[in-house]
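Just the heavy atoms: all of them, side chains too, but no hydrogens, waters or symmetry mates, feed the values below. Just so it is clear: chains get the letters A, B, ... in the order the sequence lines come, proteins before strands, and each one is counted from 1.
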Amino acid sequence: MVKQRPTSKRSAFARLVMAGTLLAASVCGMASAAEAYHSPGALVASPDGQTLYAAEFTGNAVAVINAADGTVARSIALPDAPGGLAISPDGKTLFVTGAAPEGCVRILNAATGEVQGTVALGHTPVAPVISPDGATLFVCNRFNDNVSVIDVAGRSESARISVAREPVAAAVTPDGKTLVVANLVPVGASDGDYTAASVSLIDTAAKNIAATVTLPNGSSSLRGVCVSPDGKFAYVTHILSRYQLPTTQLERGWMNTNAVSVIDTAQKKLVNTVLLDDVDLGAANPWAVACTADGKSLCVTHAGTHEISVIDRAALHAKLDKVAAGERVSEVSAAAEDVPNDLSFLVGMRRRVKLAGNGPRALVLTGNTAHAANYFSDSIDSFDIAADGAVKIRSIALGKPVAETPERTGEKFFHDAALCFQHWQSCSSCHPDARVDGLNWDLLNDGIGNPKNTKSMLLVHQTPPSMSLGIRDSAETAVRAGIKFIQFAVRPEADAVAIDTYLKGLKPVPSPKLVKGELSPGAKRGEAVFEKAGCVECHVKPLFTDLKQYDIGTTKGLDKGKPVDTPTLVEVWRTAPYLHDGSAATIADIFKKFNPDGQHGNTAGLSADEFSDLVDYVLSL
Amino acid sequence: MHRRIRTCGVLAALGAVLLGGAVAVADAPVHAECAALRAAITDLSASYPEQYPRGGEFLEALSALEARLTAAAPAQADIDAFTELRRVALTANPLVSGHPMLFVSRHQYKPDHHNTETMFQTGEINTASFEGGAALKDIDFARGGEVRTLLETQAGSLRDPEVHFDGGKIVFSMRNSIDDDYHICEINADASGLRPLTSAKGVTDIDPLYLPDNSIVFSSTREPKYCMCNRHIMCNLFRMDGDGANINQIGKSTLFEGQASLLPDGRLLYYRWEYVDRNFGDAQGLWSVFPDGTGHAVYWGNNTQSPGAVINARAIPGTEQVICVFGSCHDRPWGALAIIDRRLGLDGTAGGKRSASVLRTWPAYAINKVREADQNTYLFDDFKEVMPKYEDPFPLSDKYFLCSRMIGVGEVMGIYLLDVFGNEILLHAEGASETSMGCFDPMPLAPTPRPPVIPVRRDFNNGVGYFYIADVYRGTHMQGVARGAVKSLRVVESPEKRFWNTAPWEGQGQEAPAMNWHDFSSKRILGSVPVAEDGSAYFAVPSDTFVYFQLLDEKGMMIQSMRSGTIVQSGETQGCVGCHEERRNAAPLAGAALPAALRHPPDTLSGWYGPARPFSYLRDVQPVFDRNCVGCHDYGKKAGQKLNLAGDRDLVFNTSYNELWRKKIITDVGAGPAQIQQAFSWGSHASRLAEIIQQTHNGVTLSPEDFDRIVTWIDINAPYYPDYASSYPDNLAGRSPLDGAEMGRLTVLSGVHFADRMGFGKDQGPQVCFDRPRLSPCLAGLKEKEQDGYWEALALISKGAENLKQQSRGDELEGFAACPVDQRRQQKYAERQSVEARNREAVRLGTKVYDNN
C-alpha cells in the first residue's frame, strides 16, 4: 500500500496516481517482485508451425520457442509488459503491444527481435490482429473502449473505432472485411431484466461498427474470439451467469455456466450459445478459442479448470442446424432457445483434455497440435488433438522454476476453479481481473431477494466493511465467506491468506481520463466541486471513503431504508454500473436519477458545467 | 488372525471346470476372446509401461496360441494355456496386483421379499433367516493369490467393508450372532486394532463409508420404520464422527436409503427406495446428497420401469459415469451390472426407447431388459432372469472393474475381473461346491484419492428450511398448463410407517394394516402457499419432514403432483428450476431480474382447515357427503343403488370410500406407474365426482369448503386411514373389529367369504355396516331364508359396532389407542428420536456423545 503524507489533497492524490502509473505495468497490476514470473498470456506461431512466440505479461518479454523440441531458443526483452501478440502472414514481423496507460504497439523483426518501429496507441493496448493481407493491424485499446486501426507499412494509426466496453479479444475474417471484437463486460444498468455483454463487428473498410451482437442474458467475461477458416462463423468464449437466482447452490450451473457463442459473420447475428460444462462438472473460465486450419476442430482453453475442450465442429454445427430447424435434438433441447441451458449439448462431440499446467489463457494450433500457454505455471503444454487413446502432454517451462510468493499463490487461487465444488467457477468468474462482471447477484449474506451489483476487489481489504450493506466486517471475512458459501469449498486457512495477500497487492489502473497521468483541466475544476457539493465528507481522501454507512435514499424493497457502505472511488471509472443495485449506468445517472432529495450530496444546485466537471473528476480517480 | 492359503490349486481346478468351456471351439468366440485379451494387454502396456513390463511377451504368446486355437479342433492343452495366459496377463495389471484385494467371504443372503432384506434384525419378522459364518479376507495377486484372513466369525456375520483413503484401515459392519445386531466396526489393514464404533441395541448399522473429512456415513434402522408394502424394517442414512460420536440422521425418506458411495465432487451417491402414490416395485433408483444431508437430488433411475432396482453404484474414476447393479424388487441385491452416463439421460428409457445413458451391461444381453412397456405392466422383476448374477462392482479405473459374480455353481459368488475390452475372468473363489462360501465386496486394500470436503450448509436447530421454485411451468410433463393457471402450491407430508400387523389388505402390495384402497401412504397436509404469476414460489417447510408438492389451480384442484418426496434440513434453502424440469438443464434466465416470489419473505404453511394433521377420510370428507349427498345416495335409496355415499363403516373402510374407488367415480393414480404422469391426468381434474360437484347436482351446490374438501381428498390420492398403527392387529386387514372366529362364523352364516375379499382387486362392494348393522349387505335376503342365522349374524355385526365404540380402529385419530405391540414400537421410536435429539444437541454444543453413553 502506498503511504500517504498529504500536504494538500491534490498532491496526495497525484502521488497515488503516479504510484499507480509506475506499478500498473501490466493489466493485472503486479508488484515488482513478480516480474520474476513470466505469465504467458498470448501465443502465436510462425506460419510453418516451427516457432512459437509467447508474450510474457509479467516477464516483460517475448519467449521464442522451438516447437519441435520444446526448447526456449531465446527471450526478447521488452521495456514494459506486453498485452498481446500478432505475427505477420509471412512470419517475418511480430507485433507486440505495450500494455501501459500510454500504450503502444512495437513492430519487431521476428528473427532478430529488433524493434523496427513503435506506434503510440491508447490505454492498455491488447489483442493485436493482423489483417490477412498483412497491411493492417487492429489493436484493442482496452480502457479506451475503442479499437485502433494501424497502417503497417506507414506505421501509423489511421482510425479509432468505439466499441462497447473493455475490448480484450479480436479476430478478423479471412476476407479481411470484418473484425470481430469481444467486449469483456456488459454496459449499462444491471437492475433490469436483461444484462449482457456484446460482440462488436467492425466493417474494416468503412472503419465503423457494422453490427453489435448482444449475447444471452447474463453473458460476461468474454475472453476469446476466433473465426472459422471458411470465415462463416465467429466463436466467442464467455461466462453465462444465472444471476437471477439466489446463490443457494452450485449444482447444474446454478450460478455461473461457461459458454461459447457462435456468430454468423455474414448475417452478423448470434446463431446460438452452447454450454461447455458437463451436467455435474463445470468447465470454468473459458478463455482462448481457436479452430484447426482444416476446420474440423474447435478448441477452447479453460483457464479455471486447466483443460482444453476439443470440439468436433462439424457435429456441433449439424446439431445446431437441426435444432434451429425445429428438430428435437435431445430430451433437453427441443428448440433453439433451449440450447443455452443444455448442459449435455456437447456430449459425444467434445473431449476434455487435462493439461499439466495451471491457467491456460492462450492457444495456438499448428496443424493438429495444440499449444496452450499456462499463465500461472509459466509453461506451454502441447499435445496432438487427433491422437487416439491417452493424451500425451509435452510441457515446456519458460524459465527456471521460481518460488511462488503468497501474492502469486493468491492470484492463482483467485483464478482457480479447482477450489470450487464441481468446478463451475473461480472467484474471477464474477470478479474478472479482480474487478467486476457488471451484473447483480443475490448473495445470501444479507437475505434473499435483494440482489446487489458485483463490487471490485480493489482496496477491499483497506476499506472495511465489505458488501454494499456492510454485512461482512472485513474483506478477510468476505474472502472466507466466498470460499464457503460461493465456492462450497473447505480450504486451508493459508489459501484464504494467500488470496487476501493477492487482493491487498492490487494496484489501481490509472484512469483513461487522465492526460499524461494528470487531471484534465475539467477534472481539476471538478475536484473543487467535489468539495463544494459535499462529496468529500464521506468520500474522504485518499481512499475516497470514510468507511461508514449512510442512507442515501437508494435502498428499496427488502432493503428499504438500510444504509449503504461508502465505496471507494478509486478506479470507479472501471466499475460501472453504480449504486448498490447497479441501477445507475453512469456516474451522472447517480445524481440525475437517484438523488432527488439530495441525500447523496448536494448536486441539484450545481450548474451544468460544474456537474460535468465533477463527473470528469470522479472518473479520473 | 493371519492365515495364508494358497488358492492357486483351487483356482486352477475351478478354471478348468468353469472356464475351460469359455474358449469355444468355433472361430468367432475364439477370435473375440483373443481380441479382448490383446486389447487389454495393449492398453495395459501403454498405460503402465513401468509397472506392466511383460506386455510384449504376453502378446507374443497370445499370437502363437491364437493360431493354434483357431484351428479346426484346438487341443485342450492350448485352451488351458490360453486361459492361464489370460489369467496371468490380466492379473499382472498393477491395479489388480499392485495391492492386496480385500473381500468378504460369506454365503449369499437368504431370499426374502425385497433386495433390501439382508439385515434379518433381532426382534423383527425375518430374524430367523440370518445365517452366521463370514470372514474378512484379502488376496494378494502379487504373491500368487495368497489369501489372508483378517477377521472371521462362525456364529456372526460381517459385511460392507470400505477402505480408508490412506489405505491403513477398514470400516465395516459386523454382527456377532443371531442375537446380536450389526454394528459399525473398524480394523487396521494389518488386522490389528479391531474396535466397535457403534453399539446401540436393537438397531442395525450397515453400509458404512468414510467421508473426505474422516467422518463416516452409514445406513441404519435407528429410525425404526417399515416398508409400506410389507413388514420389513428399513434404513436411513446417518452420519457420525470418525470415532463414533454424534450419530445423526441425514436422510429421511420413508423406506430405504442404502449403499452410499462417494462421487468425485464430494457428494454421496446412494440408492433410495421410496414411493408416494407409486407402486412399490420400480421406485428404487440412485440419488445424490451432500454429506450434511442437504441437497437430496435424483441421480438416475427414479422413473425407470425396468430395471426395477438400480442399486450398488460407484463412480468410475476420471469419468462422469457410474457402474451399478440393475436388479429386481423381489430378489437379492444382485442382477446385471451396468455403466450409466447421466449426461445422456436420467432414466432407462426416453421417448419409449432405451436411453443412451445406459452404456453397457454385464451380461451384455441384459441391456435389452432396459425397456418400457404399457405403464400399468410391472417389469420390476425382469432382471431376475439375468444369469449369471453380479453385484458389488468396484471400478479400478475407467476400464477395469472388480465385482462379485456367480461362478456357475448354485448361488456361490466369486471375485471377477471385468474390463471394457470384453475380458471377464474369475480371480478367486472360496470353493466350487454348492455349499462353498461366496466372495463379496472386492476392493483394493490401498490408498484412494480423497474427494473434496464440502462445507456444512445446515444447522442442527431443528428449525425450518426453505424451498424456492423459479418457474413451476418448466417441467417435462406440464403440457396444456397455461401460464397463470397455477395459483398455489400445496405441501403434503408422507409420514413414515412405524407399525405393522399380520393380516393385510391387498392394495397394490400388502398393506398391513389397511391404509387406502390401492396405494400405501397416509398423508398429512401441511398447507398451501401462493404461486406468483411468473410461476415462482418461496416457502418455509419444517425440516426433517418427508414432503411432496402439488400445483393447484384457482379452484384448488390439482394440476400436477410429485410422486416422490424430498426433505430440507434445518437452515437449508433449496432451489428448484421448475416442476420436474429436465435435470440436464441449467436454470434458465427468465424475463425478470428476480423471481417474484423471492421479493418477499418466504410464505409459511398453516395447515388445512385446522392444524396440520394426518388425513382422515371419515373425519374430513365423509361429513361433506353426509351434509349434501346421503339424502339420496344412501342404502335403500334409488340413487344409492347407483352410488352409495353412506358413511357406514364396513370391515376395512366405509361404504362411500369403497363405492367411489371401486366404481371409479374418482380417477386417481393409486400406486402408480414408474412414468411421470402428465398434468391433469389424474386427481380431481380427471374425476367424475369432481365434475359433478362443480355443477349444481339435483339442486345441490356445495359450499366452497365442502367442494375443497372433496377435491383435496381426491388430489392427495384419496387416502382413508390417518395412521399406520392398528388396534386390531390380528383381525382382517388389521382393521376389522371382529376376530377370525367371529368372521368365520359370519362367513358361514352369510355365505360371504370375507377373508378372500381383503383387497382392491376383489372388486367387492361393502358387505357390513357397523354404524347401521341392519343395512349390512351381507344380510340381504338372509332374514327371509334363515331367521336364526339372520339374528346371529346381525348380533355379530352389532358386536363389531360395539367393539368399535369401545376400541376405535383408527378411522379417526380421536379416541384411538394402538395395540400394545404398536405402543411398544412407538416407544422404541420415541426413544430413538430422543437419542437423535441428544446427538444433535451435542453437534450444536460442540461436545461428543456416543452409543455407549
Side-chain angles (χ1 to χ4, degrees), chain A residues 190-195 216-218 240-246 248-249 251-255 257 275 277-281 328 330-332 337-338 340-345 347-348 354 389-390 418-419 421-423 440 442 444 447-451 483-485 487-491 557-558, chain B residues 42-43 46-47 212-213 263-267 288 290 294-295 297 299 318 320 341-347 350-351 355-357 452-457 466 468 470 474 476 538 572-575 577 581-602:
Chain A
S190 57
D191 65 336
D193 295 341
Y194 201 107
T195 311
N217 200 357
L240 186 52
S241 301
R242 319 270 160 182
Y243 65 87
Q244 294 165 329
L245 295 176
T248 51
Q249 58 221 64
E251 305 90 275
R252 292 159 57 199
W254 205 261
M255 296 190 212
T257 51
L275 295 183
D277 309 297
D278 277 311
V279 180
D280 295 315
L281 189 66
R328 185 187 188 86
S330 74
E331 293 296 309
V332 194
E337 71 208 15
D338 298 329
N341 302 317
D342 184 347
L343 288 165
S344 65
F345 195 83
V347 174
K354 208 107 196 85
L419 267 74
F421 172 70
Q422 290 188 343
H423 302 175
N440 282 8
D442 190 5
L444 311 182
I448 284 184
N450 50 358
I483 291 170
K484 180 169 179 183
F485 297 113
Q487 309 283 52
F488 291 102
V490 172
R491 303 292 301 187
L558 293 165
Chain B
T42 309
D43 174 74
S47 304
D213 66 352
L263 290 169
D265 57 31
R267 293 178 300 164
S288 63
F290 286 74
T294 59
Y299 188 88
E320 293 293 287
D341 184 338
R342 77 190 292 259
R343 299 176 306 164
L344 293 167
L346 273 282
D347 278 295
S355 164
S357 62
V453 178
I454 303 173
V456 174
R457 48 184 194 176
Y466 304 92
Y468 66 92
R474 286 197 179 267
T476 53
Y538 175 36
E572 177 187 2
T573 301
Q574 218 182 98
V577 168
E581 77 287 356
E582 226 286 349
R583 294 299 199 272
R584 292 172 288 161
N585 265 320
L589 285 165
L594 187 68
L598 291 172
R599 292 174 206 268
H600 57 69

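Exactly one residue among A/D442, A/N450, A/D193 makes a side chain to side chain contact (heavy atoms under 4.5 Å, CB included) with B/L594. That residue is A/D442. For the side chain to side chain contact (heavy atoms under 4.5 Å, CB included) with B/N585, the qualifying choice from A/N341, A/D338, A/L343 is A/N341, the only one to do so.
Proximity to chain B is absent for every atom of A/P216, based on heavy atoms less than 4.5 angstrom apart. Residue A/D280 touches chain B through both its backbone and its side chain, counting heavy-atom pairs closer than 4.5 Å. Residue B/Y466: no heavy atom, backbone or side chain, is found under 4.5 Å from chain A. Within the 4.5 angstrom heavy-atom criterion, no atom of B/E572 approaches chain A. Only the backbone of A/A489 comes within less than 4.5 Å of a heavy atom of chain B; no side-chain atom from C-beta onward does. At a 4.5 Å heavy-atom cutoff, the contact between A/E251 and chain B is made by side-chain atoms alone. Proximity to chain B (any heavy atom under 4.5 Å) is restricted, for A/F421, to the side chain, taken from C-beta onward. Looking at A/N440, there are no atoms closer than 4.5 Å to chain B (heavy atoms on both sides), in backbone or side chain. Heavy atoms closer than 4.5 Å to chain B are found in the side chain of A/T257, but not in its backbone. Of the two parts of B/P588, the backbone and the side chain both hold a non-hydrogen atom closer than 4.5 Å to a non-hydrogen atom of chain A. For A/S190, no part lies under 4.5 angstrom from a heavy atom of chain B.
Nearest heavy atom pair, residue B/A586 against residue A/L275, reads CB-CD1, 4.3 Å. In this structure, A/L245 and B/A587 approach most closely via the heavy-atom pair CD1-CB, 3.3 Å.
Under the 4.5 Å side-chain criterion, counting only non-hydrogen atoms from C-beta, A/R252 is in contact with B/V577.
Distance alone, capped at 3.5 Å, places no donor-acceptor pair between the B/R457 side chain and the A/F485 backbone. Not a single donor-acceptor pair under 3.5 Å links the side chain of B/R584 to the backbone N or O of A/S344. Although no hydrogens or angles enter the test, the distance criterion places no donor-acceptor pair under 3.5 Å between the side chain of A/E331 and the main chain of B/E582.
By the side-chain contact (heavy atoms from CB on, under 4.5 Å) test, B/P601 pairs with A/L558, sequence neighbours left out. Here B/D43 pairs with B/S47, B/K399, B/Y400, B/F421 under the side-chain contact (heavy atoms from CB on, under 4.5 Å) rule; sequence neighbours left out.
Interface check for chain B: of the options A/L281, A/L240, A/D277, A/V332, the most heavy-atom pairs under 4.5 Å are formed by A/V332. The residue among B/R599, B/R583, B/Q574 with the most heavy atom pairs within less than 4.5 Å of chain A is B/R583. Interface summary for chain B: among A/D342, A/I448, A/T195, the most heavy-atom pairs under 4.5 angstrom belong to A/I448. Of the listed residues (A/P246, A/S241, A/G447), the greatest number of heavy-atom pairs within a distance under 4.5 Å of chain B belongs to A/P246.
Ring geometry for A/W254 against B/Y468 counts as perpendicular: the plane angle is over 60°, on a 0 to 90° scale with 30° as the lower cut.
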